[in-house]
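Predicted model, so just to flag it, every value in this text is computed and none were measured. Below, read A as the first sequence line, B as the second, and so on, with proteins coming before strands; counting in each chain starts at 1.
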Protein chains: 2
Amino acid sequence: MPKRFGVGPPWWHGRFRECGYRLTTPRESILDVLSKTSKHLSAEDIYLEVHNIYPTIGLTTIYRTLGLLVQMGFVSKFDFGDGRARYELSMGPKSVGHHHHLVCTSCGRVIDYTDFIEEEKELLSKTEKELSKRYNFKISNHLIQFYGLCERCKNKK
Amino acid sequence: MPKRFGVGPPWWHGRFRECGYRLTTPRESILDVLSKTSKHLSAEDIYLEVHNIYPTIGLTTIYRTLGLLVQMGFVSKFDFGDGRARYELSMGPKSVGHHHHLVCTSCGRVIDYTDFIEEEKELLSKTEKELSKRYNFKISNHLIQFYGLCERCKNKK
DNA sequence: CTCCTATTGATAATGGTTTTCATTATCAAT
DNA sequence: ATTGATAATGAAAACCATTATCAATAGGAG
């Protein structure tokens with residue numbers, strides 16, 4: 001039986017050591033905030049949140065740690081076109097798992113969707129396989145976003 | 001028989017007037033550069049190119065015009081994660097037409113691919129339709145990018 | 001040709017992200 | 001527990017793509 005979430009050390013403890021990095025208080029605080037939300041937080045959002053539980057944190061450390069987490073594959077970095085990057089835990093309990101985004105070009109609202117159409121996943125892996133072969137490319141990730149007007153903005157016109 | 005490209009006024013002349021904008025020399029120069037390449041140019045790339053044929057151009061005008069062209073749907077704006085936006089003509093002779101990107105996370109190289117798998121287009125429109133209905137979202141565009149290691153970088157390891 | 005207005009471009013400002021560097025914390029070996 | 005090598009931190013400054021400001025200029029309807 002797999003270990004339940006919420007008991008024992010968080011799942012990421014081991015991975016840090018494996019990669020040769022130290023799991024420090026600032027880093028844990030950042031992971032803590034990320035794991036307790038399913039929102040799309042900016043670096044400053046995270047800074048403000050972490051600041052509550054670890055007041056001496058610096059914005060620099062936020063950026064550095066996020067870079068590390070992205071590199072380790074724990075965190076995904078997104079650009080929704082508003083000039084600041086957004087970060088989401090890409091694995092873990094509160095995470096919705098892999099998902100794509102609907103971005104409203106008018107108000108900037110972002111909707112996650114995980115309920116893929118049946119064939120969507122299947123086609124995606126097929127496409128990745130095909131592209132890998134054709135372009136001799138080792139594909140490790142993909143980004144899919146749809147742009148348009150959300151319910152509110154659509155009716156506003 | 002459709003008008004051949006290269007003769008008569010460029011295809012975009014009319015569209016400007018329709019939208020209530022003036023077609024000025026700086027704007028034409030920018031469109032000229034964009035229509036003669038299939039690369040992913042940054043604002044500064046475009047600035048340097050246009051500067052050759054219209055030396056008094058200002059970087060400000062580049063940004064303003066690109067914003068206009070994006071808004072009019074002539075140009076697509078992309079973010080490949082290197083901190084600067086890239087622009088491509090989304091219609092016209094030299095344009096490869098709608099395409100997706102393979103982005104190398106190591107060297108930043110970008111490969112366009114237009115030769116979609118047969119089912120890809122079909123599924124995409126099906127997905128858009130489904131999402132529009134489910135989230136009451138008017139989808140007008142999408143972005144699909146695959147990340148990984150290009151041939152060169154893959155072998156370098 | 002003239003006037004009104006959109007457009008331009010030099011400059012300064014903005015703001016998210018990175019760099020720098022002196023200080024501090026971590027962990028393995030003692 | 002103590003030490004020492006090294007990684008990590010954070011305040012401040014630097015960076016740099018993009019935007020705002022504003023006086024000067026150009027387009028085009030009349």
Undergrad: Is a side-chain donor or acceptor of B:Thr65 paired with a backbone partner of B:Arg27 at a separation under 3.5 angstrom?
TA: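 No, B:Thr65 side chain to B:Arg27 backbone: no donor-acceptor pair under 3.5 Å.
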Undergrad: Grab the CG-P distance between B:Asp82 and C:dT17 for me, whole Å please.
TA: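 Computing the B:Asp82:CG to C:dT17:P distance gives 14 Å.
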Undergrad: Are any side-chain N or O atoms of B:Ser42 and backbone N or O atoms of B:Arg86, one a donor and one an acceptor, separated by less than 3.5 Å?
TA: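 Between the backbone of B:Arg86 and the side chain of B:Ser42 there is no qualifying donor-acceptor contact (under 3.5 Å).
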Undergrad: Below the 4.0 Å mark, does D:dA7 have OP1 or OP2 next to a side-chain nitrogen or oxygen of A:Arg27?
TA: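 For D:dA7, OP1/OP2 do not have a side-chain N/O of A:Arg27 under 4.0 Å.
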Undergrad: Rounding to an integer number of Å, can you tell me how far A:Ile57 CD1 sits from D:dA8 P?
TA: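 Computing the A:Ile57:CD1 to D:dA8:P distance gives 14 Å.
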Undergrad: Which nucleotide, if any, forms a Watson-Crick or G-U wobble pair with D:dA12, using both distances under 3.5 Å?
TA: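 C:dT19 is the nucleotide pairing with D:dA12.
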Undergrad: Under 4.0 Å from OP1 or OP2 of D:dT9: is there any side-chain N or O of A:Thr61 that close?
TA: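 Answer no for this pair, as no side-chain N or O of A:Thr61 is under 4.0 Å from OP1 or OP2.
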Undergrad: Treating B:Ser29 as the side-chain partner and B:Thr25 as the backbone partner, does any N or O pair qualify as donor plus acceptor under 3.5 Å?
TA: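 Side chain of B:Ser29 to backbone of B:Thr25, a donor-acceptor pair under 3.5 Å: yes, one is there.
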Undergrad: Would you mind reading off the distance between A:Lys77 atom NZ and C:dG16 atom C1', rounded to a whole angstrom?
TA: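 Interatomic distance, NZ of A:Lys77 to C1' of C:dG16: 10 Å.
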Undergrad: Separation of B:Ile62 atom CD1 from D:dA17 atom P, in whole Å?
TA: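 Rounding to the nearest Å, CD1 of B:Ile62 and P of D:dA17 are 15 Å apart.
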Undergrad: Examine D:dA29: is either OP1 or OP2 under 4.0 Å from a nitrogen or oxygen in the side chain of B:Arg17? Give yes or no.
TA: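 Yes.
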Undergrad: For nucleotides 20-27 of chain D, which of its nitrogen or oxygen atoms have a protein nitrogen or oxygen under 3.5 Å away, and what is each distance?
TA:
from, atom 1, to, atom 2, distance (Å)
D:dA20, N6, B:Thr60, OG1, 3.4

Undergrad: Could you state the atom-to-atom distance from CG of B:Leu69 to C1' of C:dT7 in whole Å?
TA: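 Spelled out: CG on B:Leu69 to C1' on C:dT7 is 14 Å.
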Undergrad: Tell me whether A:Ser132 contacts the main-chain N or O of A:Phe137 through its side chain, where contact means a donor paired with an acceptor under 3.5 Å.
TA: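 Yes: the side chain of A:Ser132 pairs with the backbone of A:Phe137.
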Undergrad: Would you call the rings of B:His99 and B:His101 parallel, tilted or perpendicular if under 30° counts as parallel and over 60° as perpendicular?
TA: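 Correct class here is perpendicular.
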Undergrad: Write down the distance between CZ (B:Arg84) and C1' (C:dG15), rounded to a whole number of angstrom.
TA: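 In whole Å, C:dG15 C1' and B:Arg84 CZ are 17 Å from each other.
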Undergrad: Classify the nucleic acid contact of B:Ser42 as base, sugar-phosphate or nothing, counting any heavy atom under 4.0 Å across all strands shown.
TA: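 The residue B:Ser42 makes no contact with any strand.
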Undergrad: For B:Leu41 and D:dA17, give me the distance from atom CG to atom C1', rounded to whole Å.
TA: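 So the CG-C1' distance, B:Leu41 to D:dA17, works out to 16 Å.
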Undergrad: Tell me which nucleotide, if any, is Watson-Crick or G-U wobble paired with C:dC27 when both distances must be under 3.5 Å.
TA: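 Across all strands, the one nucleotide that pairs with C:dC27 is D:dG4.
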Undergrad: Could you state the CG-C1' distance from A:Leu59 to D:dG10, rounded to the nearest angstrom?
TA: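 It is 10 Å, rounded to the nearest whole Å.
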Undergrad: Nearest-nucleotide wise, let me know which of B:Gly20 and B:Tyr47 is further upstream toward the 5' end of DNA chain C.
TA: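 The residue whose closest nucleotide sits nearer the 5' end is B:Gly20.
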Undergrad: Both distances under 3.5 Å, Watson-Crick or G-U wobble: report the partner of D:dG28, or none.
TA: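 Paired with C:dC3.
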Undergrad: In terms of relative ring orientation, are A:Phe146 and B:His142 parallel, tilted or perpendicular, with 30° and 60° separating the classes?
TA: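 Taking B:His142 first and then A:Phe146, their aromatic rings stand perpendicular (interplane angle over 60°).
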Undergrad: So, is A:Tyr63 close to the C:dT18 phosphate, meaning a side-chain N or O under 4.0 Å from OP1 or OP2?
TA: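 Looking at the OP1 and OP2 atoms of C:dT18, neither is under 4.0 Å from any side-chain N or O of A:Tyr63.
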Undergrad: Is a side-chain donor or acceptor of B:Thr105 paired with a backbone partner of B:Gly148 at a separation under 3.5 angstrom?
TA: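 Here the side-chain-to-backbone pair exists.
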